[in-house]
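These figures come from a predicted structure and were not determined experimentally. Residue indices begin at 1 and follow the sequence shown.
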Amino acid sequence: MQTPDTPHRWQVYGRCLDSRLMLGTAGYPSPAVLRSAIDASGAGVVTVGLRRTLAAAGDNGFLSELLADLRARGTQLLPNTAGCRSAREAIALAHMARELYGTHWIKLEVVGDEHTLQPDPWGTVEAAAELMREGFAVFPYCTDDLVTCQRLLDVGCEVLMPWGAPIGSGQGLLNPWALRTLRARLPEVPLVVDAGIGAPSHAAQALELGFDAVLLNSAVAHAREPIAMARAFGDAVRAGRLAWTAGVMAPQDMAVASTPVAGRPMLIG
């Protein structure tokens with residue numbers, strides 16, 4: 001239950017999290033930079049790709065060092081099924097991830113279009129339904145389509161991860177109206193903007209819209225100074241959530257004087 005004095009704490013699949021920032025682990029120049037970026041961001045959930053894990057096996061110790069460090073710090077791992085093109089493939093990869101990482105949490109990705117990497121709604125719902133039956137805590141990557149989101153909830157998902165823009169594009173929130181609609185229609189569902197965030201201002205905007213968290217990777221990993229950028233995103237997420245809980249003013253169609261003028265003497269030349 002959210003309380004005003006703990007605006008940064010939220011709950012998903014029975015676990016209480018103290019940070020509303022989820023961070024990816026791909027593309028960093030070194031394990032040391034990644035470790036420092038996680039610390040600077042304050043992220044409590046870190047995503048890892050099983051395909052990258054398998055491809056990097058034996059690659060100069062990067063993988064083993066990363067996993068050992070994350071487990072030691074008590075960070076929640078969120079393996080993903082990135083790169084899967086069918087429900088069957090995603091389900092198989094999720095089972096492998098559960099064995100390898102020792103967690104039933106899974107970020108479900110089923111790609112439907114090679115150009116935009118847009119998720120396949122039918123494949124995502126199919127895979128989510130089976131994984132939920134098998135005891136996974138599914139974090140489905142989806143678009144901002146309300147009906148698709150409702151179907152994912154129908155099969156048991158307790159959280160939704162709609163995109164802000166195509167993965168890695170850095171375009172920010174392309175359709176705030178759709179995201180605002182999701183928040184209004186699904187007021188009790190944890191919502192995480194996943195993909196497309198390129199700047200801390202985008203993350204703050206998502207939280208200002210009432211979203212519970214954001215997940216990002218490229219915006220930090222590809223920054224000129226990843227550690228400084230990670231810190232900036234941590235600050236932005238905290239500011240955005242505080243703004244939401246404080247109550248962001250409604251936009252107006254015309255100017256509204258902030259200082260009342262009625263009853264004040266006026267000089268007329």
Side-chain angles (χ1 to χ4, degrees), residues 2 4-12 15-49 52 62-63 65-80 82 105 107 139 159 161 163-165 167-173 176 179 190-246 248:
Q2 191 66 45
D5 59 333
T6 58
H8 308 304
R9 181 168 295 175
W10 62 299
Q11 186 168 302
V12 60
R15 173 154 183 179
C16 188
L17 300 170
D18 291 324
S19 172
R20 294 176 179 271
L21 177 61
M22 301 179 174
L23 201 61
T25 56
Y28 285 84
S30 72
V33 171
L34 172 58
R35 180 165 46 249
S36 296
I38 294 173
D39 286 340
S41 71
V45 176
V46 171
T47 64
V48 287
R52 183 166 60 88
F62 179 95
L63 176 63
E65 181 177 347
L66 167 65
L67 295 180
D69 183 68
L70 292 176
R71 290 191 178 105
R73 67 175 63 237
T75 302
Q76 173 66 53
L77 293 181
L78 180 61
N80 66 52
W105 281 28
K107 178 190 170 187
F139 291 68
V159 60
M161 304 185 78
W163 68 356
I167 293 174
S169 68
Q171 297 181 72
L173 309 187
L179 295 175
L191 299 177
V192 180
V193 169
D194 176 17
I197 290 178
S201 57
H202 302 156
Q205 182 185 10
L207 273 292
E208 288 169 4
L209 290 175
F211 276 67
D212 295 275
V214 295
L215 190 156
L216 55 100
N217 180 73
S218 299
V220 172
H222 297 168
R224 186 175 63 252
E225 298 289 344
I227 299 170
M229 186 62 75
R231 183 174 296 109
F233 269 105
D235 290 343
V237 166
R238 286 187 287 272
R241 184 63 188 184
L242 284 173
W244 166 256
T245 57
V248 179

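Residues L207 and G240 come closest through the heavy atom pair CB-C, 3.5 Å. Counting all heavy atoms, side chain and backbone alike, V237 lies closest to A203 at CG2-CB, 4.1 Å. The heavy-atom pair separating A230 from V220 by the smallest distance is CB-CG1, 3.9 Å. Closest approach of T75 and G44 over heavy atoms only: CG2-O, 3.6 Å. Counting all heavy atoms, side chain and backbone alike, Y28 lies closest to A37 at CE2-CB, 3.8 Å. Scanning all heavy atoms of the two residues, the minimum distance from P190 to D212 falls at CA-OD2, 3.3 Å.
Every residue two or more places apart in sequence or in another chain that forms a ring-ring contact (aromatic ring centres under 6.0 Å, His included) with F139 is listed here: Y13, W105. Under the side chain to side chain donor-acceptor pair (under 3.5 Å) criterion, S218 pairs with no residue at all, not counting sequence neighbours. Every residue was checked against the side chain to side chain donor-acceptor pair (under 3.5 Å) condition with E225, not counting sequence neighbours, and none meets it. By the salt bridge (charged side-chain N to carboxylate O under 4.0 Å, His left out) test, R238 is found to be paired with D235, residues two or more places apart in sequence or in another chain being considered.
Between the CZ atom in R241 and the OG atom in S19 there is a gap of 12.5 Å [rounded to 0.5 Å]. A distance of 10.5 Å separates CD1 of I167 from CG of N217, quoted to the nearest 0.5 Å. Between atom CD of residue Q76 and atom CZ of residue R15 there is a gap of 4.5 Å, rounded to the nearest 0.5 Å. Taken to the nearest 0.5 Å, the CE atom of M229 stands 12.5 Å off from the NE2 atom of H222.
Pairs passing the side chain to side chain donor-acceptor pair (under 3.5 Å) check and including a residue from residues 196-210, sequence neighbours excluded, do not occur. For residues 38-49, the salt bridge (Lys or Arg N to Asp or Glu O under 4.0 Å) pairs, not counting sequence neighbours, are D39-R73.
A donor-acceptor contact shorter than 3.5 Å links the side chain of T245 to the backbone of L242.
Contact of the V48 side chain with the N80 side chain is not registered, since no non-hydrogen atoms from C-beta on lie closer than 4.5 Å. Counting heavy atoms from C-beta on, the side chains of L21 and V214 come closer than 4.5 Å. Looking at L179 and W163, their side chains never come closer than 4.5 Å, going by heavy atoms from C-beta outward. Using a 4.5 Å heavy-atom threshold, the side chains of T47 and L215 count as touching.
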side-chain contact (heavy atoms from CB on, under 4.5 Å) evaluation trace for F233 with I197: CA-CA 10 Å; F233 269 105; I197 290 178; 3.6 Å; yes
Verdict with reasoning, L209 to L173, per side-chain contact (heavy atoms from CB on, under 4.5 Å): CA-CA 11 Å; L209 290 175; L173 309 187; 3.9 Å; yes
